[in-house]
Amino acid sequence: MTQINKLKIFNDPIYGFITIPNELVYDLIQHPYFQRLRRISQMGLSYLVYPGANHTRFHHALGCMHLMKKAIDTLRFKDVVISEEEENALLIAILLHDIGHGPFSHAMEKSIVEDVHHEAISLLFMNQLNEEFDGRLSLAIQVFKGEYHRKFMLQLISSQLDMDRMDYLKRDSFYTGVAEGNVNSERLIQMMNVENDVLVIEEKGIYSVEKFLLSRRLMYWQAYLHKTSLVAELILMKVLKRAKELTLKGIKLPCSEPLMYFMQNKITLEDFDAEKLDLFSQLDDFDIISALKAWQRHNDFILSTLSKMIINRDLLKIKLSAEKIPMEESQSLKEEFAEAHQISAVDAGYFIFRGKIKNQAYSKEAEPIRILKKDKTIEDVVEASDQLNLKSLSKLVTKYYICFPKQLI
């Protein structure tokens, strides 16, 4: 029998060559649960704004693993003891941290797979894989859940300066062409250290942290919360909500079996057994896009009109404001639209709606980014920085929006 070479190399446009460190990681990457991430876009419908933003969650997960390997090497060089078992756990935990994302994840979490967060599904996938791999993922799961005694390990996976954020900012900046998001992950990793079991950044790396936080803020306004991306995702949520509503009334819609299952049933986290998890693992972007293509021709006015908007990129108009948008404004638009199309005011709510978005580059409530000063004292980056804009970056900015059809302008 031919021996498979499992120590493969990926050519990544961001970092160059990414090496698979061992056979277990290779086998996890080869698993259908992980391969599915090739069919899930990292930035959802953002390609409607930035045509290059077609990169996948598969891409991102490999990038995170690559950065984690660099962080481990840096910390070991600075005499932080990390065993081979701990290294493996860190690499696996970061590789699988996003495995629970569904297609257009945020839209799905608010419409079809209601109130089941992708992180909870990631954990379910990890537990399932742990069974298949005879318990070899146990330590990775412990670290991922924050139950391992070495606190800095969780910070590398999930914090305000983790490998996940470092990769997605750099990667999303590259594929969108939004240069402001390009962070110097190499420099940030080189400045990492561990003091009293917590992750710290050496004082000389403070400017890199400031640039990282500023880049994050700019990426949110220019890419993740770009008003066209935002309105496209909101329309998708409305489409899926309408599709579920029609399905529960007994109207059969053309779509894949896994998607049909989640539309016919209200699934909570407690309901996610191995069978449901397997059904969820069969969902990807293609299920949603092909459903939208079919629903364009459905005789339900709401479903077909909203589906056409996404397929043909002829979206609702969105207006952003620093002030709360009065209810009367949306109410009068709803009445006008309802009358024009002979539908109820409730149904007009699928086309005219208000909401708000928030952006905070740095949270004072969450685990802080700690700066290790030359005198060995540790300070929150906001206090250690001489940049006034860092204080403003920790301020929560709220913007209000109203969406409505263009013909109502």
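All figures in this text were calculated on a predicted structure; none of them were measured in a lab.
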Closest non-hydrogen atom pair between Arg217 and Ala361, with its separation: CB-CB, 3.7 Å
Residues Glu195 and Lys78 bridged, charged N to O under 4.0 Å: no
Ion pair Asp271/Lys276, N-O distance below 4.0 Å: no
Electrostatic pair Arg216:Glu180 at N-O distance under 4.0 angstrom: no
Glu275 atom CD: more than 12 heavy-atom contacts under 6.0 Å: no
Cation-aromatic face contact Lys399/Trp221, 6.0 Å, 45 degrees: yes
Check: Ser158 side chain, Gln155 main-chain N or O, donor-acceptor pair, under 3.5 Å: no
Where Asp287 and Ser290 come nearest, the two heavy atoms and their spacing: O-OG, 3.4 Å
Pairwise side-chain contact, Leu28 with Tyr33, heavy-atom cut-off 4.5 Å (strictly under): no
Carboxylate-amine/guanidinium proximity below 4.0 Å for Glu202 and Lys374: no
Whether Arg370 side chain and Asp380 backbone form a donor-acceptor pair below 3.5 Å: no
Donor-acceptor under 3.5 Å (Glu131 side chain, Gln128 main chain): no
Under 3.5 Å side-chain donor-acceptor pair for Asp278 and Gln282: yes
Parallel, tilted or perpendicular, as decided by the 30° and 60° cut-offs, for the rings of Tyr224 and Tyr220: perpendicular
Aromatic ring pairing His101/His118, orientation class (parallel under 30°, perpendicular over 60°, tilted between): parallel
Shortest non-hydrogen contact between Phe144 and Ser122, atoms and distance: CZ-CB, 4.3 Å
Main-chain N/O of Leu161 paired with Ser159 side-chain donor or acceptor, under 3.5 Å: yes
Distance-minimising heavy-atom pair for Ser215 and Leu169: O-CD2, 4.5 Å
Trace of the side chain to side chain contact (heavy atoms under 4.5 Å, CB included) decision for Arg39 with Phe286: CA-CA 7 Å; Arg39 302 185 301 279; Phe286 296 99; 3.7 Å; yes
Salt bridge flag under 4.0 Å for residues Lys151 and Asp197: no
Heavy-atom side-chain proximity of Val200 to Ile371 below 4.5 angstrom: no
Partner set under side chain to side chain contact (heavy atoms under 4.5 Å, CB included) for Ala223, not counting sequence neighbours: Met43, Tyr50, Met219
Thr305 side-chain N/O to Phe301 backbone N/O, donor-acceptor pair under 3.5 Å: yes
Student check: side-chain heavy atoms of Ile121 and Leu277 closer than 4.5 Å: yes
Glu186 vs Met166, side chain to side chain contact (heavy atoms under 4.5 Å, CB included): CA-CA, chis, key distance, verdict: CA-CA 10 Å; Glu186 286 277 325; Met166 270 190 223; over 6 Å; no
Heavy-atom pair with the smallest gap, counting every atom of Leu283 and Arg36: O-NE, 3.2 Å
Donor-acceptor contact present, side-chain His341 to main-chain Ile343, <3.5 Å: no
Heavy-atom donor-acceptor pair, Asn54 side chain to Pro51 backbone, under 3.5 Å: yes
Sidechain-backbone polar pair: Glu379 side chain, Lys373 backbone, donor-acceptor under 3.5 Å: no
Any donor-acceptor N/O pair, Asp285 side chain to Ser41 backbone, under 3.5 Å: yes
Minimum heavy-atom distance Ala140-Ala89, with the two atoms named: CB-O, 3.5 Å
Side-chain heavy atoms of Leu48 within contact of Ser229, under 4.5 Å: no
Distance (rounded to the nearest 0.5 Å) between Asn196 CG and Lys376 NZ: 10.0 Å
Aromatic Tyr401 / basic Lys227 pairing, under 6.0 angstrom, 45° off normal: no
Steps toward side chain to side chain contact (heavy atoms under 4.5 Å, CB included) verdict (Lys334, Phe351): CA-CA 8 Å; Lys334 273 185 205 172; Phe351 300 90; over 6 Å; no
Asp284 with Arg38: basic N within carboxylate O range, under 4.0 Å: no
Residues Arg354, Glu329: salt bridge by 4.0 Å N-O rule: no
Stepwise side chain to side chain contact (heavy atoms under 4.5 Å, CB included) test for Ile325 and Lys319: CA-CA 10 Å; Ile325 293 157; Lys319 200 168 81 178; 5.5 Å; no
Ion pair check, Glu233 and Lys238, cut-off under 4.0 Å: no
Ring centers of Phe58, Phe34 separated by less than 6.0 Å: yes
Ion pair Lys70/Asp73, N-O distance below 4.0 Å: no
Reference residue Asp167; test side chain to side chain donor-acceptor pair (under 3.5 Å); the match among His59, His66, Gln42, His60: His60
Aromatic plane relationship, Phe262 with Phe280 - under 30° parallel, 30 to 60° tilted, over 60° perpendicular: perpendicular
Lys170 side chain vs Val183 backbone, donor-acceptor pair below 3.5 Å: yes
Option among Ile201, Asp79, Val80 that satisfies the side chain to side chain contact (heavy atoms under 4.5 Å, CB included) test with Asn193: Val80
Asn88 vs Leu139 side-chain heavy atoms within contact, under 4.5 Å: no
Arg150 bridged to Glu86 by N-O distance under 4.0 Å: yes
Test: Asp12 and Arg171 ion pair at under 4.0 Å: yes
